[in-house]
Amino acid sequence: GMRRRFISMAVIRRLPRYYRYLNEMLAAGVMQISSRELADRMDLTASQVRQDFNCFGDFGQQGCGYDVAALHKEIKSIIGLDQEYKIVIMGAGRMGCSLLEHFGFERRGFNVLAAFDNNPELFGKSINGVTIHDVKKAEEVCATVRPDIGVLTVPASETKEACAILKKIGVQAIWNFTKGELGVSEEEIVVENVHISDSLMSLCYRLTELEDALYGD
């Protein structure tokens with residue numbers, strides 16, 4: 001199908017943003033959108049938007065823009081959100097719990113199977129319907145249903161160990177919030193690192209740049 005085509009990383013990085021905007025438009029009852037309107041919303045050029053969408057096939061009807069529902073559905077499928085990916089959370093400390101409480105995995109089309117931790121005080125507790133288990137029981141808990149994605153929210157010192165367990169239970173991708181070394185190769189497991197501090201630093205950089213532009217010589 002569509003997904004076999006080569007799509008550049010730059011386009012892939014824009015897909016979630018397109019998806020978000022199209023979601024908002026669907027919710028607002030907008031049926032059609034032109035590449036110009038979408039480009040304006042996203043701070044891109046209209047030709048960039050058209051090029052991006054041409055990677056996936058033919059969506060635009062000349063002159064009437066894009067069918068919002070069809071485009072939304074296609075991007076959902078390209079991102080893989082229609083796959084109902086199954087997730088486990090490694091580390092139910094503050095970060096792990098916060099994600100379980102506020103991120104809205106289910107609403108975004110993900111199915112969280114379980115959370116794991118090595119703190120006995122947490123075993124058996126449930127957050128938003130997700131039970132926290134002893135990490136030693138990970139293989140047992142995931143014996144019948146294989147998770148696709150592991151969310152890594154353990155302390156840095158426990159990263160390698162947690163990774164080894166994720167590999168053992170068959171996850172193919174890791175959403176990594178830790179600073180530790182994972183000890184897995186990108187060939188075996190897809191890794192997406194989340195550096196919250198990096199994001200704050202780029203904000204600082206952009207703020208400094210803005211201030212230079214406004215108040216600089």
Side-chain angles (χ1 to χ4, degrees), residues 1-27 30-87 99 103-105 107-110 147-152 163 166-167 170-179 181-182 184-207 209-210:
M2 286 290 196
R3 313 183 48 168
R4 296 292 153 259
R5 302 177 192 214
F6 174 77
I7 299 173
S8 84
M9 206 60 205
V11 180
I12 290 167
R13 292 281 177 211
R14 281 193 289 275
L15 283 180
R17 284 183 65 211
Y18 283 126
Y19 185 69
R20 220 172 40 233
Y21 282 106
L22 290 163
N23 244 344
E24 286 166 16
M25 283 172 226
L26 269 187
V30 178
M31 308 301 286
Q32 302 285 140
I33 184 138
S34 72
S35 50
R36 155 79 31 237
E37 290 170 284
L38 199 50
D40 287 347
R41 283 188 175 219
M42 289 187 57
D43 226 1
L44 298 166
T45 65
S47 73
Q48 181 74 75
V49 169
R50 284 194 297 271
Q51 269 177 334
D52 285 358
F53 292 163
N54 283 343
C55 301
F56 319 131
D58 194 19
F59 286 106
Q61 299 92 20
Q62 212 48 49
C64 14
Y66 294 102
D67 176 329
V68 171
L71 195 53
H72 179 269
K73 187 170 182 236
E74 182 59 26
I75 290 179
K76 183 176 183 170
S77 146
I78 290 163
I79 296 175
L81 293 177
D82 57 350
Q83 305 280 322
E84 287 272 311
Y85 282 124
K86 299 179 193 66
I87 289 184
L99 285 171
F103 182 69
F105 288 101
R107 183 168 50 77
R108 294 168 198 269
F110 297 94
D148 306 290
I149 299 169
V151 178
L152 208 48
C163 246
L166 287 174
K167 211 171 131 181
V171 308
Q172 305 202 300
I174 292 175
W175 198 25
N176 176 32
F177 285 84
T178 72
K179 301 279 181 283
E181 280 302 308
L182 300 192
V184 296
S185 78
E186 287 273 354
E187 282 77 61
E188 317 170 79
I189 290 185
V190 182
V191 178
E192 185 76 31
N193 296 305
V194 183
H195 296 299
I196 294 174
S197 61
D198 284 11
S199 161
L200 181 58
M201 282 181 224
S202 5
L203 181 73
C204 284
Y205 172 76
R206 287 165 57 200
L207 178 59
E209 239 183 5
L210 175 68

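Remember, predicted model here, so these are calculated numbers, not experimental data. Because only heavy atoms are used, hydrogens play no part in the values below, and waters and symmetry mates are left out as well, while side chains stay in.
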*Should we count CD of Glu181 as having more than 12 external heavy atoms under 6.0 Å?*
no

*Heavy-atom count around Lys179 NZ within 6.0 Å, excluding the residue itself: above 12?*
yes

_Gap between atom CD1 of Ile174 and atom CD of Glu192 - 0.5 Å precision_ = 12.0 Å

_If only side-chain N and O atoms count, and only distance matters, is there a donor-acceptor pair under 3.5 Å linking Gln48 with Thr45?_
no

*Trp175 and Phe110: ring-ring contact (aromatic ring centres under 6.0 Å, His included), yes or no, with the steps?*
CA-CA 13 Å; Trp175 198 25; Phe110 297 94; 8.4 Å; no

*Name the orientation class of the two ring planes belonging to Tyr66 and Phe53 (parallel below 30°, tilted from 30 to 60°, perpendicular beyond 60°).*
perpendicular

*Taking atom CE of Met42 and atom OG of Ser35, what is their separation to the nearest 0.5 Å?*
12.5 Å

*Count the heavy atoms of every other residue, nucleotide or ligand shown that sit under 6.0 Å from CZ of Arg17, and state whether that count exceeds 12.*
yes

*asked:* Within the 4.5 Å heavy-atom criterion, are Ile189 and Leu182 side-chain neighbours or not?
replied: no

_Met25 and Ile33, any side-chain heavy atoms less than 4.5 Å apart_ = yes

*Please round to the nearest 0.5 Å and tell me the distance separating atom CD of Glu37 and atom CG of Asp40.*
8.0 Å

_I need the single residue from Tyr18, Tyr19, Tyr21 that forms a ring pair (Phe, Tyr, Trp, His ring centres under 6.0 Å) with His72. Which is it?_
Tyr19

*How long is the gap from OG on Ser197 to CG on Leu203, to the nearest 0.5 Å?*
12.5 Å

*Kindly give the heavy-atom pair with the smallest separation between Val30 and Gln32, and that separation in Å.*
CG1-O, 3.3 Å

*Determine whether more than 12 heavy atoms belonging to other residues, nucleotides or ligands lie under 6.0 Å from atom CG of Asp198.*
yes

_Any heavy-atom pair between the side chains of Leu44 and Arg14 that's under 4.5 Å?_
yes

*Roughly how far, to the nearest 0.5 Å, is CD1 of Ile149 from NZ of Lys86?*
10.5 Å

*Return yes when atom CZ of Arg108 has more than 12 non-hydrogen atoms of other residues, nucleotides or ligands closer than 6.0 Å, and no otherwise.*
yes

*Less than 4.5 Å apart, any side-chain heavy atom of Ile75 and any of Leu71?*
yes

*asked:* To the closest 0.5 Å, what do you measure between CD (Glu74) and CD1 (Ile79)?
replied: 10.5 Å

*Answer yes or no: is there a side-chain heavy-atom contact under 4.5 Å between Leu22 and Lys76?*
no

